[in-house]
Amino acid sequence: MQVVTDHVFKALADPTRRALFERLARDGEQTVHALTHRAGVSQPAVSKHLGVLKHARLVRGRRKGRETHYSAQPQALAPMIDWMSIYGAFWRERFDRLESLLKRMDQ
Amino acid sequence: MMKPDTTRSLVIEREMPHSPEKIWRALTQSALIEEWLMKNDFQPVVSHRFNFRATPVQNWNGIIDCEVLVFEPNSRLSYSWSSMGLMSVVAWTLTPTKDGTHVRMEHSGFRSEEDAAYKGARYGWQKFIGSLDRVVGGLD
């Protein structure tokens with residue numbers, strides 16, 4: 001699980017990859033051509049980014065004729081949803097700090 | 001399919017022996033926010049976009065993108081909280097009590113499309129989050 005989470009985190013840390021993933025999640029299956037047209041980077045760069053997303057299992061490629069059609073696999077985000085639970089500990093600690101600050105503040 | 005109003009959220013509530021006005025300052029003045037939460041360029045204006053900046057760690061740049069959604073002095077404060085491709089909303093509610101203030105914080109992972117305050121809606125996230133909810137629902 002830890003390894004999978006790392007891949008997902010690395011894949012989404014890059015803004016171009018995040019944009020590609022969001023576009024596929026939003027608009028559905030697309031070819032590298034269509035993605036390149038709107039990504040503002042070269043086709044080899046898009047293919048490389050898609051490779052990273054594929055490795056993290058965030059997208060899936062499907063050969064159709066001479067082109068590969070990519071689609072988002074949002075279930076790969078599940079490890080990050082577990083990561084959300086970390087916010088429980090985060091906010092409790094921040095509440096403690098808030099209360100300590102309030103004690104130091106003037107009325 | 002999950003109900004459209006399904007929200008995954010974290011709620012923390014505490015009674016604090018301080019006035020709502022004082023707690024409000026700690027929640028909304030940039031220098032004070034930094035003391036207990038994180039470095040920030042928060043401004044008390046609805047639609048103001050700002051960042052929280054934590055120390056970067058491996059696989060995370062430490063930056064949280066936010067936008068002020070609700071600002072009702074001494075009572076309600078809400079901002080979007082987006083990081084690592086996930087969008088969420090943090091909402092604070094202050095209620096005066098006999099001895100101070102009831103502080104409620106709700107950090108919601110995903111809001112329904114009916115919630116007009118959720119600005120992410122216009123990016124078509126519902127469809128995406130719908131799939132995610134199904135998956136996560138299946139994990140529980």
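Numbers restart at 1 for each chain; the letters A, B, ... are given by sequence-line order, proteins then strands. In what follows, every heavy atom counts, from backbone to side chain, and hydrogens, waters and symmetry copies are set aside.
Using a 4.5 Å cut-off between heavy atoms, R104(A) contacts chain B through its side chain alone, with no backbone atom that close. Neither the backbone nor the side chain of I33(B) comes within contact range of chain A; no heavy atoms are under 4.5 Å apart. Of the two parts of L101(A), only the side chain, counted from C-beta on, holds a non-hydrogen atom closer than 4.5 Å to a non-hydrogen atom of chain B.
For chain A, the option among I23(B), L37(B), L32(B) with the highest count of heavy-atom pairs below 4.5 Å is L37(B).
Of all the heavy atoms in S78(B) and V89(B), the pair that sits closest is OG-CG1, 3.5 Å.
Side chain of R17(A) to main chain of K10(A): a donor-acceptor pair is present (N/O by atom type, distance under 3.5 Å, no hydrogens or angles). No donor-acceptor distance shorter than 3.5 angstrom exists from the side chain of T101(B) to the backbone of M16(B), with no hydrogens or angles considered.
Contacts classified as ring pair (Phe, Tyr, Trp, His ring centres under 6.0 Å) and involving residues 26-69 of chain A (residues at least two apart or in different chains) are given here: H7(A)-H55(A).
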